[in-house]
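The structure under discussion appears below in the form of structure tokens.
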There are 2 protein chains.
Amino acid sequence: MALSPHVPELGALELLLAVARLGSVGRAAAELGVSQPAASARIKGMERQIGVPLLERSPRGSRPTEAGRLVVEWARQVVEAAQALDAGIDALRGRRDARLRVVASLTVAEYLMPGWLLALNEASPGTAVTLRTANSHDVAAQVLAGEADLGFVEGTSTPPGLSGAVVAADRLVVVVSPEHRWARRRAPVTGAELAATPLVLREVGSGTREVLEEALAPYGGPAAPRLELASSTALKAAAMTGAGPVCLSELAVKEELATRRLVAVPLDGLELQRPLRAVWPSGQRPAGPARELLGLTRAVVAPKPRRA
Amino acid sequence: MALSPHVPELGALELLLAVARLGSVGRAAAELGVSQPAASARIKGMERQIGVPLLERSPRGSRPTEAGRLVVEWARQVVEAAQALDAGIDALRGRRDARLRVVASLTVAEYLMPGWLLALNEASPGTAVTLRTANSHDVAAQVLAGEADLGFVEGTSTPPGLSGAVVAADRLVVVVSPEHRWARRRAPVTGAELAATPLVLREVGSGTREVLEEALAPYGGPAAPRLELASSTALKAAAMTGAGPVCLSELAVKEELATRRLVAVPLDGLELQRPLRAVWPSGQRPAGPARELLGLTRAVVAPKPRRA
DNA sequence: GAGGGCCATAGGCCCAGGCTATGTCCTCAT
DNA sequence: ATGAGGACATAGCCTGGGCCTATGGCCCTC
């Protein structure tokens, strides 16, 4: 499970990307604020570590080799995730001079906020943001009290005193390990069938649990859960070890679904989703950075997926 | 553009994840093969670097603080990308004892292979894989010559002498910067309209260019390109600087679309996609690791997206 | 053939991170 | 009560990776 010692550090990957983009080790060094020999040595160290030449050096610059091109593209994914982390960290520091104070539900903060912050940073560099998390009730309270400029809540209604706009939807999925018999299933699972199956779920009172109960109400509600766990992470772990069908947010398992470590079960006629809303005090239309962030978040959901 | 100095190194992030998973610094240290004091010091260093306490220590273990929980989740994205890179690097080393030799087109190798390799590693740890890239013609040749056990090609037909199965589709999208007027467009762009618009494209002879030309043939083919560039990366950069509509693989811009740094333009009635196929010598059904990898890749595409 | 990019090498410095040994605190069982 | 055990922190020391400056070699261009 541990990363092998062949994986370069983030700094080295960043340097490699800069070289690929700028076409020269020296220019990349300048951009990152280090000396040319340092960059040269670091690239060389990375090649030794990986065991494959990454750059074709010439007196006119450096270009990635064939293998280097692959590493560059793979490294880009890592560095982009690191940039999102960076943006998130920056917002956690909670500085006094923040021009935008955001309070968000856990799901939004965990899975959506970093990307939004990154986009905001790109659109308006230097916008200092602070981020806190709270449950939906406290988010509403903080926004009403003027302690935050913009809030994000989960749920089907906008809290009283606030205006809101739906910015995304948290879709729930039922996932199983690839070995589970449902993983090969092509016929969708019906509501009645799902209601009759013991699932692995979050504890009572959690937002996702409520959505499931509401959706399965016509079928007599979900069966007694096979297991109740306290976090998405625990649910994922349970699913991967084959603990049976697990119901959780699609956002939490996007990666696992893409790499097929988990499999989504097709469902029939169930609306397992709840809206995620941005909220602000009624009659006090967001302005400045808040408006900008709001624009980014809403835009993501606006263009409906469309068959090509 | 450079990562701020607040971002911890991969090793530190990995350690943090282990602590969150195992509930104790000491156990995490043991899992990663370092001493407990080293782990403790490193976590503390990370907290200093980030500027926020990440763990609540107690005599019975350590749990993430509220902020720590966010950092853990964000860090998970980074580490997962690093694991994919790790799997890719491992396959690039090209060892003699490889049990599975894969040769793939650039698109497949860049965007899909790391996830597949990661999944394969998880399903069958210790399977040594080597990966090479080649254009579709050379992929076919190498598979026919027995120099590779499994190939991946792009294109609408299976090369002669080979059997194949479609494992995914490379969908092309037309993207613009968020400031472009098409970014706010709701009415889909028609084929005729697209054909009349100068686009930023890959050079003649590239696979993506061919797909576009074929799709726009009924409308007289694409207009003279506004710009011709040699790589997906260059296309992305051009799109982000607002160089006008750019047509490229959806796989290359998934991240940018999600964070809204680029916007996909809705298209009407255009089939801008080409299949990606796994290929092997006719009549020589893949077995062993090849069969396993094939199973993983095919599974990803099998369950058609379905309205909830 | 002189100058300018560009990359590599050499020598020296610094600090992050690792290890062992030990300390402090809390909990639980005897 | 009291001692054992688990968990994290501190102290002292060592190593190595990464950085810097200075310099050298190569190739292209003017």
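The figures that follow rest on heavy atoms only: side chains count, while hydrogens, waters and symmetry mates do not. Lettering follows sequence order; numbering is per chain, from 1.
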Any side-chain N or O of S24(A) below 4.0 angstrom from OP1/OP2 of dC7(C)?
yes

Taking T241(B) for the side chain and A238(B) for the main chain, is one N or O donor matched with an acceptor at less than 3.5 Å?
yes

Compute whether any side-chain donor of one residue and acceptor of the other, for E56(B) and S62(B), lie under 3.5 angstrom apart.
no

Residue pair R132(B) / Q142(B), side-chain donor-acceptor N/O under 3.5 Å:
yes

For the rings on W116(A) and F152(A), is their centre-to-centre separation under 6.0 Å?
yes

Starting at atom CD of E56(B), determine the distance to atom P of dC26(C), rounded to an integer number of angstrom.
16 Å

E47(A)/R57(A) ion pair, N-O < 4.0 Å
yes

List the atom of S232(B), the atom of A252(B), and the distance in Å for their closest heavy-atom pair.
CB-CB, 4.1 Å

What parts of residues 35-52 of chain A reach DNA chain D, counting only heavy atoms under 4.0 Å away?
S35(A), P37(A), A38(A), R42(A)

Can a side-chain donor-acceptor contact be found between S136(A) and E154(A) if the only test is distance below 3.5 angstrom?
no

Where the side chain of S58(A) meets the backbone of G61(A), is there a donor-acceptor pair that is under 3.5 Å apart?
yes

Between P on dC8(D) and CG on L15(B), what's the gap in Å once rounded to a whole number?
11 Å

Please list, by residue number, the residues of residues 57-64 of chain B whose heavy atoms come closer than 4.0 Å to an atom of DNA chain C; answer none if no residue qualifies.
P59(B)

